[in-house]
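Data first, discussion second: the structure below is written as structure tokens.
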Number of protein chains: 2
Amino acid sequence: MAGIEEVARLAGVSTATVSRALSGRGHVSAASKSKVLDAAAQLGYVVSSNASSLASGRTRNIGVVIPFLNRWFFSSVLEGAQGALLRHGYDLTLYNLSGDSGERASVFEHFLLRQRVDAVIAVSLELTEPEVARLHDLGKPLVGVGGPISGVRTLTIDDVAVARLATEHLLALGHRRIAHIGGDLENDLDFHLPTNRRHGYENALSDAGIEVDPRLFAPADFTIRGGFHAAKQLLGVPRDRPTAIFAASDEMAIGSILAARELGLVVPRDVSIVGIDDHDLADFFGLSTVAQFPRFQGEKAVEILMEQLEPGSDSAPPAATPLPFELRVRSSTATPPPA
Amino acid sequence: MAGIEEVARLAGVSTATVSRALSGRGHVSAASKSKVLDAAAQLGYVVSSNASSLASGRTRNIGVVIPFLNRWFFSSVLEGAQGALLRHGYDLTLYNLSGDSGERASVFEHFLLRQRVDAVIAVSLELTEPEVARLHDLGKPLVGVGGPISGVRTLTIDDVAVARLATEHLLALGHRRIAHIGGDLENDLDFHLPTNRRHGYENALSDAGIEVDPRLFAPADFTIRGGFHAAKQLLGVPRDRPTAIFAASDEMAIGSILAARELGLVVPRDVSIVGIDDHDLADFFGLSTVAQFPRFQGEKAVEILMEQLEPGSDSAPPAATPLPFELRVRSSTATPPPA
DNA sequence: TTGAAAGCGCTAACAT
DNA sequence: ATGTTAGCGCTTTCAA
């Protein structure tokens with residue numbers, strides 16, 4: 001491993017100039033810069049991040065705290081963030097909080113404090129007041145994705161609007177008995193998300209002059225299996241079966257499709273089903289859904305941090321653009337069967 | 001942020017003693033140690049990883065290079081590795097190589113060289129000779145998971161044996177016409193894995209005195225969709241339909257189950273289906289499968305590295321124990337229909 | 001067992 | 001625009 005000194009010697013300049021040329025801070029003549037670049041390339045020089053961080057206080061490393069790795073939304077956000085960081089020359093250090101509360105504590109009391117990261121992205125995590133405060137005291141920027149954190153810049157789709165859109169799609173097709181599979185409250189990772197989606201659903205019904213029937217709600221855990229069981233309940237009733245189901249996630253919607261099939265119902269002829277996400281499998285199952293773009297959310301979180309960490313870089317302005325979502329109509333929704 | 005000096009002052013010892021007491025290297029009297037621990041706790045002292053790394057050359061950080069984040073096997077390995085590392089006080093820095101070859105180059109030429117990691121775990125990646133050499137030159141231990149890397153300690157299940165086991169399960173039930181859905185060769189991430197599984201399948205058939213019929217092989221891409229289409233081909237033939245399918249992954253097996261259903265076939269009455277993985281969804285679909293334990297593989301990779309990085313720690317001996325796998329019989333396999 | 005002090009390799013004032 | 005140099009906050013010899 002060649003050091004900065006060797007590069008300086010080979011380029012015939014001082015180490016300070018090498019540092020400046022390589023990091024882009026401060027002015028360096030084009031001539032020196034190219035000499036430095038050549039020398040560095042020739043020696044295969046790569047800056048020692050530790051020495052650099054120690055001297056500068058910047059690590060070029062972002063911590064991502066995330067509760068799941070094996071769920072579509074989360075891995076997509078992570079993928080988006082990782083890609084964006086790589087492009088900016090940043091590393092991503094991963095903290096997967098798998099429920100264990102001791103783990104969570106040690107991450108916040110220890111790992112995040114050892115000056116290894118410049119900023120933190122928290123995915124679908126309701127950070128506590130002290131957790132936020134701790135990061136704030138350290139001067140570490142923090143941005144949330146997909147879960148509201150009080151006092152912190154957070155990227156979330158408008159869950160009420162998304163749910164309303166999905167429900168209105170069904171209403172527009174003529175459905176009146178629309179069931180909803182939402183979150184169960186034990187699933188309190190992010191209490192607001194299922195609640196907001198339920199509100200969107202209820203608002204859409206109310207606006208259409210339809211009374212909300214609590215028997216048409218079934219809770220589940222956002223998995224295929226959960227959606228399957230919930231839909232069995234909803235669709236198995238002998239009379240007044242709903243003609244449509246709006247599930248708060250694509251996985252639950254897919255579970256519902258499978259449940260419908262098992263009950264001998266043809267989707268969408270007998271029952272229409274719509275989800276939220278545009279999961280990888282949605283297309284395969286012909287699922288109509290409201291797409292959100294978690295990858296993009298991860299990228300966006302990075303852009304926001306870059307704005308704060310490297311002001312004056314080329315990143316786009318952090319205008320408070322709402323996150324996009326989009327109805328994707330496939331073959332799981334149609335007009336209801338004639339009464 | 002309290003520094004080591006403040007801790008030293010409060011504890012009434014030198015910074016050297018604080019360092020020793022906290023890191024556990026070198027001898028410290030019990031008395032000093034407890035004074036140091038108290039002082040550190042009281043001040044909320046956390047060592048600066050940069051300063052520590054710079055001085056010691058150890059980072060307590062492991063790089064994980066992985067091609068996918070959104071697939072069950074990969075996210076499970078990652079989860080296992082992350083958990084194990086956390087327990088050892090290590091951070092995990094993630095490098096997700098999403099196919100882009102420039103990305104891969106920059107990770108190996110740059111990111112991994114900036115002294116930010118003590119070792120590297122490569123998941124299902126065929127590292128090239130120079131890539132391995134580069135890490136080797138830096139003295140960074142490297143361990144592979146799930147893909148053979150020449151000259152590197154690698155954790156992989158015995159794919160031949162696993163496939164043989166799955167196939168023998170079907171044979172034992174009385175099946176004779178057993179189809180196989182394996183990898184397509186474009187899917188060359190890890191060329192050996194599908195090949196080995198195919199060999200295991202073929203070996204089992206041969207040993208049972210059954211001729212391998214190439215028409216009973218269908219390639220797919222390890223996804224549900226891919227398995228679905230492959231199974232449609234296999235099961236849609238008008239005569240001599242196979243009575244069983246062995247799919248090289250659970251996702252493809254699940255696709256096969258869905259395909260069978262669409263063709264009006266009842267699983268396992270009309271066709272038996274077995275996979276490999278014990279994917280999260282296997283249980284839901286009643287899929288018989290050979291379980292591998294990717295989480296465990298991730299943990300194990302960490303243990304091996306710890307052994308090298310912190311000799312004499314408490315880790316288990318790195319005996320060359322083969323990775324476990326296990327047949328899980330559920331409801332997707334049964335005796336074949338009477339001819 | 002402990003302390004003093006010399007770095008680890010780089011960055012950022014400051015000076016020129 | 002460039003060089004000089006004093007740290008960044010620890011760890012680790014070395015000596016006591």
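- Distance CG (L43(B)) to C1' (dG9(D)): 15 Å, rounded to an integer number of Å.
- The separation between I4(B) atom CD1 and dA5(C) atom P is 16 Å, rounded to whole Å.
- If you take CZ of R116(A) and P of dG9(D), they are 17 Å apart, rounded to a whole angstrom.
- Note that R71(B) lies in the cation-pi zone of F68(B), set by a 6.0 Å cut-off to the ring centre and a 45° limit from the axis.
- At dC10(C), none of the side-chain N or O atoms of S52(A) fall inside 4.0 Å of OP1 or OP2 (strictly under the cut-off).
- Looking at E103(A) and R87(B), no side-chain N of the basic residue comes within less than 4.0 Å of a carboxylate O on the acidic one, giving no salt bridge.
- Of the side-chain N and O atoms in R58(A), one or more sit less than 4.0 angstrom from OP1 or OP2 of dA12(C).
- Distances shorter than 4.0 Å separate none of the side-chain N or O atoms of T15(B) from OP1 or OP2 on dG3(C).
- Between dG3(D) and S14(A), a contact under 4.0 Å exists linking OP1 or OP2 to a side-chain N or O.
- Protein atom CD of Q115(B) is 8 Å distant from nucleotide atom P of dG9(C), rounded to whole Å.
- Residues G12(B) and A16(A) each lie close to DNA chain C; by heavy-atom proximity, the contact nearer the 5' end of the strand is made by G12(B).
- For S19(A), taking side-chain heavy atoms from C-beta onward, the closest of the listed nucleotides dT11(C), dG9(C), dT12(D) is dT11(C).
- Checking S29(A) against S32(A) by side-chain atom types alone, a donor-acceptor pair falls below 3.5 Å.
- Summarising the geometry, the separation between NZ on K35(A) and C1' on dA1(D) is reported as 12 Å, rounded to the nearest angstrom.
- R9(A) has no side-chain polar atom (N or O) that falls below the 4.0 Å cut-off from OP1 or OP2 of dG3(D).
- One finds no side-chain N or O of T17(B) lying less than 4.0 angstrom from the OP1 or OP2 phosphate oxygen of dT2(C).
- Salt-bridge formation is detected for the pair E310(B)/R60(B): a Lys NZ or Arg NE/NH1/NH2 atom is positioned less than 4.0 Å from an Asp or Glu carboxylate oxygen.
- For L54(A), whose side chain is taken as the heavy atoms from C-beta onward, the closest listed nucleotide among dG9(C), dT12(D), dT5(D) is dG9(C).
- Atom-to-atom, CD of E5(A) to C1' of dC10(C) comes out at 10 Å; the value is rounded to the nearest Å.
- Checked for salt-bridge contact, R116(B) and D91(A) meet the test: a charged N lies under 4.0 Å from a carboxylate O.
- The distance from atom CG of N50(B) to atom C1' of dG9(C) is 12 Å, rounded to the nearest whole Å.
- Of all nucleotides listed (dG9(D), dT4(D), dG3(C)), dG3(C) comes nearest to the side chain of V13(B).
- When rounded to the nearest whole Å, the span between CG of L22(A) and C1' of dC10(C) equals 12 Å.
- The listed nucleotides are dT12(D), dT2(D), dG9(C); the one nearest the side chain of R20(B) is dT12(D).
- As judged by a 4.0 angstrom heavy-atom cut-off over every strand, S23(B) is placed among residues making no nucleic acid contact.
- For the pair S56(B) and dT11(D), the criterion of a side-chain N or O lying under 4.0 Å from OP1 or OP2 is not met.
- A donor-acceptor pair under 3.5 Å is absent between the side-chain atoms of N50(A) and the main chain of S53(B), judged by distance alone.
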